Amino acid sequence: MKALQMVDTKSQYLKIKEEVDSAIQDVLDSAAYIGGKAVQEFSTSLNEYIGSKYTITCANGTDALQISMMALGLEPGDEVITPSFTYIATTEVVALLRLKPVFVEVDAKTFCIDPDAIRKAITPKTKAIVPVHLYGHAAPMEEIMAIAKKYNLFVIEDNAQAIGCDYTFSDGTVKKTGSIGHVGCTSFYPSKNLGAYGDGGAIFTNDEALAERLRMTANHGQKVRYLHDLVGCNSRLDAIQATILNVKLKRLDSYNAARKEAAAFYNKAFEGIDWITTPYLAPYSTHVYHQYTLLLNGVNRDELSAYLTGKGIPNMIYYPVPGHKQKMFAEFGLEDVNLPTTDWLTERVISLPIHTELEIEQLNFITTEFLNFKNK
Ligand SMILES: *Cc1c(COP(=O)(O)O)cnc(C)c1O
């Protein structure tokens with residue numbers, strides 16, 4: 001059996017090696033290393049895939065979030081409602097821009113931000129909500145957009161883990177996550193569902209004026225070269241990454257289908273086991289399984305993790321310390337923030353290998369050994 005990995009980007013690459021290598025060679029030959037045809041083609045294809053009006057590529061997913069908050073004109077002291085149960089990038093940029101992160105609860109089933117918690121957290125200073133489509137499952141966008149409309153707030157979707165995920169509205173309309181909020185952000189970090197072989201990110205919007213501000217913000221605040229109208233930053237997707245992403249975007253749906261198949265194997269093996277809760281699927285969302293994350297009931301997680309590691313089965317805790325307990329936010333005085341669901345989930349989640357190259361033999365081994373933990 002091939003050694004197990006959380007993500008197997010190497011095996012995936014080997015299957016598309018010729019096409020990728022030749023695309024990279026074309027970029028090298030063109031000498032257009034920044035911008036140019038590859039970046040243009042990729043943003044056009046991605047824009048079409050997501051179903052957004054405008055796509056702005058940038059250097060990584062963290063920058064995508066930062067540029068969004070800058071371009072929306074958020075100002076120091078403005079409050080941004082975000083889940084605590086997420087990767088740090090979501091909330092770090094809030095603090096970096098001297099905005100105030102307001103950490104709220106997630107739903108215990110979907111792991112995504114809870115609309116009731118959003119409503120309770122709104123104050124006259126609230127300016128934006130940042131739902132995260134965690135692990136590849138959509139946050140309840142229809143309700144979030146309704147809240148945002150009522151209170152005149154911006155919605156910035158953190159779609160770094162859910163590219164390709166479909167959201168179905170109550171009238172039957174289907175949209176890709178990332179195209180629903182005022183702005184959507186994503187990441188092409190190698191392990192993401194659409195991963196480059198380096199860093200990359202993108203921002204989506206349907207608002208023309210905002211698209212222009214996003215583009216300017218990512219490019220030193222300039223629209224006309226050497227005329228800088230805004231304070232921006234320098235955040236670019238390079239041409240080599242863009243050309244790799246062009247090759248991979250065509251395969252994204254089949255990559256997500258492969259993840260779903262692996263997840264279905266896990267789900268079946270773990271069905272009816274009282275100490276395991278398998279991932280929930282809300283009626284409005286598909287799942288692209290960026291992570292396959294279980295909830296453990298009455299099991300010592302440290303022991304299980306060590307046992308799995310001993311068997312050569314990689315496993316991870318996403319994420320071991322929630323945002324509201326991170327020292328980086330000390331200045332915001334979060335001692336009184338009480339998020340029992342977030343804490344409860346943090347203590348009980350465990351993620352198993354999930355990627356496009358998992359073989360039946362590997363899945364069999366993982367699930368058999370996992371279940372053996374209780375009988376050992
Ligand atoms: C990966 C990720 C990011 C940041 O993306 P980078 O490209 O690593 O900067 C932001 N939010 C979430 C939820 C992520 O998983």
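Just so it is clear, the model here is predicted, and its values are computed rather than measured.
Counted within 6.0 Å of CG on Asn152, heavy atoms from surrounding residues, nucleotides or ligands total 12 or fewer; the atom is thus considered open. Atom CD of Glu18 has 12 or fewer neighbouring heavy atoms from other residues, nucleotides or ligands inside a 6.0 Å radius. Within 6.0 Å of CD in Glu75 there are 12 or fewer heavy atoms belonging to other residues, nucleotides or ligands. Annotation: Lys250, atom NZ; neighbour count of heavy atoms from other residues, nucleotides and ligands within 6.0 Å is above 12.
Annotation: the span from Leu281 atom CG to Tyr289 atom OH amounts to 6.0 Å, rounded to 0.5 Å. Here OH of Tyr87 is found 7.5 Å from OH of Tyr319. Values are rounded to the nearest 0.5 Å. Residue Thr368 holds its OG1 atom at 10.0 Å from CG of Leu363, rounded to the nearest 0.5 Å. Between the NZ atom in Lys260 and the OG atom in Ser254 there is a gap of 13.0 Å [rounded to 0.5 Å]. With rounding to the nearest 0.5 Å, the separation of CG in Leu339 from NZ in Lys325 is 8.5 Å. Expressed to the nearest 0.5 Å, how far CG of Asp26 lies from CD1 of Ile240 amounts to 11.0 Å.
For Thr293 and Ser351, the side-chain atoms include at least one donor-acceptor pair closer than 3.5 Å. Side-chain contact of Glu92 with Thr62: a donor-acceptor pair under 3.5 Å is absent, judged by distance alone. Side-chain atoms of Thr278 and Glu271 include no donor-acceptor pair closer than 3.5 Å. With 3.5 Å as the limit, one finds no donor-acceptor pair spanning the side chains of Asp302 and Tyr307. A donor-acceptor pair shorter than 3.5 Å can be found between the side chains of Asn219 and Gln222. A donor-acceptor contact closer than 3.5 angstrom is absent between the side chains of Asn60 and Ser187. Defined by atom type and a distance below 3.5 Å, a donor-acceptor pair is missing between the side-chain atoms of Gln5 and His355. Using modelled atom types and a 3.5 Å distance limit, the side chains of Asp207 and Thr205 yield no donor-acceptor pair. Tyr292 and Asn267 share a side-chain donor-acceptor pair at under 3.5 Å.
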Less than 3.5 Å apart, which donor and acceptor atoms pair up between the side chains of residues 189-203 and the rest of the protein, not counting sequence neighbours?
| from | atom 1 | to | atom 2 | distance (Å) |
| --- | --- | --- | --- | --- |
| Asn193 | OD1 | His290 | ND1 | 3.0 |
| Asn193 | ND2 | Asn256 | OD1 | 2.9 |
| Asn193 | ND2 | Val288 | O | 2.8 |

With a 3.5 Å cut-off and sequence neighbours excluded, list the donor-acceptor pairs that the side chains of residues 174-184 form with protein atoms.
| from | atom 1 | to | atom 2 | distance (Å) |
| --- | --- | --- | --- | --- |
| Lys176 | NZ | Asp166 | OD1 | 2.8 |
| Thr177 | OG1 | Asn159 | OD1 | 2.7 |
| Thr177 | OG1 | Ala162 | O | 3.2 |
| Ser179 | OG | Lys176 | O | 2.7 |
| His182 | ND1 | Val155 | N | 2.8 |

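Exactly one residue among Lys10, Lys2, Lys15 makes a side chain to side chain donor-acceptor pair (under 3.5 Å) with Glu357. That residue is Lys15. Of the residues listed (Thr82, Ile81, Val132), the one engaging Ile113 in a side-chain contact (heavy atoms from CB on, under 4.5 Å) is Ile81, and it is the only one. The salt bridge (charged side-chain N to carboxylate O under 4.0 Å, His left out) with Asp78 is formed by just one residue from the set Lys127, Lys100, Arg98, Lys125; it is Lys127.
In this structure, the side chains of Met69 and Val130 come closer than 4.5 Å at one or more pairs of heavy atoms. Residues Phe111 and Val349 are in side-chain contact: their nearest non-hydrogen atoms beyond the backbone lie under 4.5 Å apart. With contacts defined as side-chain heavy-atom distances shorter than 4.5 Å, the pair Thr91/His324 does not qualify. Counting heavy atoms from C-beta on, the side chains of Ser305 and Asn315 come closer than 4.5 Å. A 4.5 Å side-chain heavy-atom check between Met1 and Gln362 finds at least one atom pair inside the cut-off. Looking at Pro279 and Leu294, their side chains come closer than 4.5 Å, going by heavy atoms from C-beta outward. In this structure, the side chains of Lys150 and Ile147 stay at 4.5 Å or more apart for every pair of heavy atoms. When side chains are defined from C-beta on, His133 does not count as touching His287, because their heavy atoms never get closer than 4.5 Å.
Counting only distance, with no hydrogens or angles, the side chain of Ser84 and the backbone of Gly323 share a donor-acceptor pair below 3.5 Å. Proximity of a side-chain donor or acceptor of Thr126 to a complementary backbone N or O of Thr123 within less than 3.5 Å is detected. Panel note: side chain Glu142, backbone Ser170; a donor-acceptor pair is recorded below 3.5 Å. Between the Asp158 side chain and the Ala160 main chain, a donor and an acceptor come within less than 3.5 Å of each other. In this structure a side-chain-to-backbone donor-acceptor pair under 3.5 Å is missing from Thr173 to Phe169. In this structure, the side chain of Arg213 engages the main chain of Ala71 through a donor-acceptor pair within 3.5 Å. A donor-acceptor pair is defined here as one N or O able to donate and one able to accept, closer than 3.5 Å; no such pair exists between the side chain of Arg348 and the backbone of Leu295. A distance-only check finds a donor-acceptor pair linking the side chain of Gln326 to the backbone of Val321 [under 3.5 Å].
Taking the centre of each ring, Tyr135 and His137 stay at or above the 6.0 Å mark. Ring to ring, Phe42 and Phe188 are close: their centroids are under 6.0 angstrom apart. In this structure, Phe103 has its ring center closer than 6.0 angstrom to the ring center of Phe329. Checked against the 6.0 Å centroid threshold, Phe370 and Trp275 count as a close aromatic pair. A centroid separation of 6.0 Å or more is found between the aromatic rings of Tyr54 and Phe204.
Checked for salt-bridge contact, Lys223 and Glu212 meet the test: a charged N lies under 4.0 Å from a carboxylate O.
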Side chain to side chain contact (heavy atoms under 4.5 Å, CB included) between Cys185 and Ile156: does it pass, once the steps are laid out? CA-CA 7 Å; Cys185 298; Ile156 304 164; 3.9 Å; yes

Candidate pair Gln25 and Asp21, rule side-chain hydrogen bond (donor to acceptor under 3.5 Å, both in side chains), full reasoning: CA-CA 6 Å; Gln25 190 61 52; Asp21 291 4; over 6 Å; no

Applying salt bridge (Lys or Arg N to Asp or Glu O under 4.0 Å), run through Lys120 and Glu105 and close with a yes or a no. CA-CA 10 Å; Lys120 282 186 205 135; Glu105 279 291 29; over 6 Å; no

Salt bridge (Lys or Arg N to Asp or Glu O under 4.0 Å) evaluation trace for Glu19 with Arg251: CA-CA 12 Å; Glu19 200 177 333; Arg251 295 170 169 86; 2.7 Å; yes

Does Cys233 form a side chain to side chain contact (heavy atoms under 4.5 Å, CB included) with Ile67? I'd like the steps, not just the answer. CA-CA 8 Å; Cys233 57; Ile67 292 162; 3.8 Å; yes

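Pairs engaging residues 237-248 under the side-chain hydrogen bond (donor to acceptor under 3.5 Å, both in side chains) rule: Gln12-Lys248 [sequence neighbours left out].
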